[in-house]
Amino acid sequence: MATKIMIRIAVQKSGRLSDKSLQLLKDCGIKFDNGGRKLSTQAKNFPMEILFLRDDDIPQYVANGVADLGILGLNEVEEKDQEVDVIKQLGFAGCRLSLAVQKDVDYPGLEWFNGKKVASSYTTIVKKFFAEKGINATTEEIGGSVEIAPGIGLAEGICDIVSTGSTLIMNGLKEVETVMYSEAVLISNPNLSIEKKGILDKLTFRIDAVQNAQKSKYILLNAPNAKIEEISALLPGMKSPTVLPLAEEGWSSLHSVIEENDFWNVIDQLKDAGAQGILVSPIEKLIA
Ligand code: ATP
Ligand code: MG
């Protein structure tokens with residue numbers, strides 16, 4: 001009996017990325033049962049097995065082929081420096097990896113770090129950054145609570161994940177350099193079989209449709225016929241807008257797709273051009 005070929009994707013077992021990673025798969029129409037404390041689960045309607053792992057371990061599992069794909073932060077991909085392909089940015093878990101020092105330090109620029117020690121959970125990234133910039137600093141690898149290191153005399157500076165910066169401030173630190181920007185990414189083993197590559201293509205097609213839909217809105221509005229051209233020009237839709245006559249003589253209904261940001265930029269111009277009954281609604285999937 002031929003065994004059905006499945007793609008194995010590793011996602012974070014529990015942490016910041018877990019819910020959004022699973023939600024992305026669900027938005028792609030993939031159904032699975034993730035109740036309980038399972039280590040893996042099989043999708044019901046897509047040739048996929050989902051493995052729940054620590055995000056730190058995902059690059060290694062994907063590189064050695066235990067998993068074919070993985071979802072994790074780009075920072076973790078760079079830190080582990082394994083042979084994996086980054087296939088796609090996923091648009092969530094955006095953060096930056098920054099250098100910070102105690103707030104009373106008179107910081108002149110990166111050269112301050114010469115001869116200093118930096119504590120971080122991301123020492124591979126930090127070493128590479130200093131090497132590229134020609135700075136002679138040492139690193140101290142620690143697993144967590146990095147922000148207390150300067151206060152207890154373990155290191156003069158730190159390199160850690162920052163999103164709002166409030167953790168740094170609470171610990172008497174200030175951000176002085178951005179080392180990298182990160183977000184969740186889809187990674188792949190570089191040597192997938194043709195069959196698995198086919199499944200990956202199906203998955204990325206669906207992710208594209210979900211991502212396009214998230215940034216676009218469906219817009220309907222009523223316009224006097226004489227203004228249709230002017231209003232259409234304000235709506236940079238997929239192609240030209242659909243125009244349907246209304247029961248009321250001299251009026252039409254315009255339908256189009258617009259990026260949400262564009263919508264806020266043109267709303268006043270639409271009203272000035274005579275548009276009425278403007279309705280904007282979310283799109284679930286969008287195949288361009
Ligand atoms: P552990 O491995 O001990 O569970 P972790 O730091 O690896 O901890 P999370 O805190 O769940 O795990 O973070 C996972 C990923 O989420 C990080 O590698 C990073 O890409 C991203 N991330 C972390 N902190 C933030 C934040 N404050 N804002 C946005 N994204 C973040
Ligand atoms: Mg981790």
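Indexing begins at 1, ligand by ligand and atom by atom, following the structure's order. The basis for the numbers below is simple: all heavy atoms, side chains too, and nothing from hydrogens, waters or symmetry mates. In this text, all values refer to a predicted model and were calculated from it rather than measured experimentally.
In the hydrophobic clustering of ILVMFWY residues, with side-chain heavy atoms under 4.5 Å counting as a link, Val101 and Ile169 come out apart. Note on Ile283: it clusters hydrophobically with Leu279, by side-chain heavy-atom contacts below 4.5 Å among ILVMFWY residues. No continuous path of hydrophobic side-chain contacts links Met6 to Ile199 [ILVMFWY only; heavy atoms under 4.5 Å].
Protein non-hydrogen atoms do reach within 4.0 Å of atom 22 (N) of ligand 1. Counting only heavy atoms, the protein gets under 4.0 Å from atom 7 (O) of ligand 1.
Side-chain contacts under 4.5 Å among hydrophobic residues (ILVMFWY), followed directly or transitively, place Ile142 together with Val146, Ile148, Ile152, Leu154, Ile158, Val162, Leu168, Leu173. The hydrophobic cluster around Leu246 extends to Trp251, counting ILVMFWY residues whose side-chain heavy atoms fall within less than 4.5 Å of a member.
Among Gly94, Ser14, Ser121, Ser166, the residue whose heavy atom lies closest to atom 29 (C) of ligand 1 is Gly94. Comparing heavy-atom distances from atom 27 (N) of ligand 1 across Ala184, Ser163, Gly73 singles out Ser163 as nearest.
For ligand 1, the atoms sitting less than 4.0 Å from at least one non-hydrogen atom of Gly15 are 11 (O), numbered in the order shown with element in parentheses. Less than 4.0 angstrom separates some heavy atom of Asp56 from each of these atoms of ligand 1: 2 (O), 7 (O).
Leu220 is not listed as a side-chain neighbour of Leu254, based on a closest heavy-atom distance of 4.5 Å or more.
At the shortest separation from atom 14 (C) of ligand 1 among protein heavy atoms lies Asp55 OD2, 3.5 Å. Looking from atom 3 (O) of ligand 1 to the surrounding protein, the closest heavy atom is Arg54 NH2, 3.6 Å. Given atom 26 (C) of ligand 1, the protein heavy atom at minimum distance is Arg16 NH1, 3.4 Å. Nearest protein neighbour of atom 20 (O) of ligand 1, counting heavy atoms only, is Asn75 OD1, 2.7 Å.
Donor-acceptor pairing under 3.5 Å is recorded for the side chains of Asn225 and Ser252.
The OD1 atom of Asp55 and the OD1 atom of Asp56 meet at the Mg ion (ligand 2) at an angle of about 70°, given to 10°.
Checked for salt-bridge contact, Glu49 and Arg8 meet the test: a charged N lies under 4.0 Å from a carboxylate O.
When heavy-atom distances to ligand 1 are checked against a 4.0 Å cut-off, Gln12 comes that close only through its side chain, counted from C-beta outward. At a 4.0 Å heavy-atom cut-off, ligand 1 does not touch Leu72 at all.
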